[in-house]
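These notes concern the structure reproduced below.
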Amino acid sequence: MKPADAGYTVNVASVFGLVAAPIQTAYCFSKFAVRGATDALRQEVEFLGQNIQVACASPAGIKTPIAQRAKAVLHPKSA
C-alpha cells in the first residue's frame with residue numbers, strides 16, 4: 001500500500017472493544033487494544049499524508065462458547 005500510496009486496512013475487534021464485560025477481561029483487553037492500534041495507525045497515515053484508509057469493525061452477536069468457557073474456568077462449580 002505504501003508504494004501505491006493508496007489502500008484500505010480494516011481491523012476486526014468486537015463490541016467488547018467498546019464496552020467491558022465481567023469475566024471477559026482478557027478478551028476485552030485485546031479488543032480495546034485493537035481499537036487503540038487502529039486509531040494510532042489512522043493518525044500515523046494521516047500525519048504521513050498517505051492515501052490509506054484505516055477502519056475498525058466491532059461486530060456483536062457472534063455465538064461462541066467463550067463466555068461459558070470463561071465462567072467454567074473462574075467458577076468451576078457453577079458451570
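Excluded from the calculations below are hydrogen atoms, water molecules and symmetry mates; all remaining heavy atoms, backbone and side chain alike, are included. Remember, predicted model here, so these are calculated numbers, not experimental data.
A pairwise comparison of heavy atoms in Phe16 and Ala21 identifies CE2-CB, 3.3 Å as the closest pair. The heavy-atom pair separating Ile52 from Val45 by the smallest distance is O-CG2, 3.5 Å.
Partners of Ser14 according to the side chain to side chain donor-acceptor pair (under 3.5 Å) rule, which considers only residues two or more places apart in sequence or in another chain, do not exist here. Residues satisfying the side-chain contact (heavy atoms from CB on, under 4.5 Å) test with Gln53, not counting sequence neighbours, are Tyr8, Asn51. Taking Ser58 as the reference, Ala13, Leu18, Arg35, Cys56 meet the side-chain contact (heavy atoms from CB on, under 4.5 Å) condition, with sequence neighbours excluded.
The distance from the CZ atom of Arg42 to the CG atom of Asn11 is 9.5 Å, given to the nearest 0.5 Å.
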Exercise for review: Could you please spell out the steps behind the side chain to side chain contact (heavy atoms under 4.5 Å, CB included) verdict for Lys31 and Tyr27?
Suggested key: CA-CA 6 Å; Lys31 299 311 169 181; Tyr27 186 77; 3.5 Å; yes
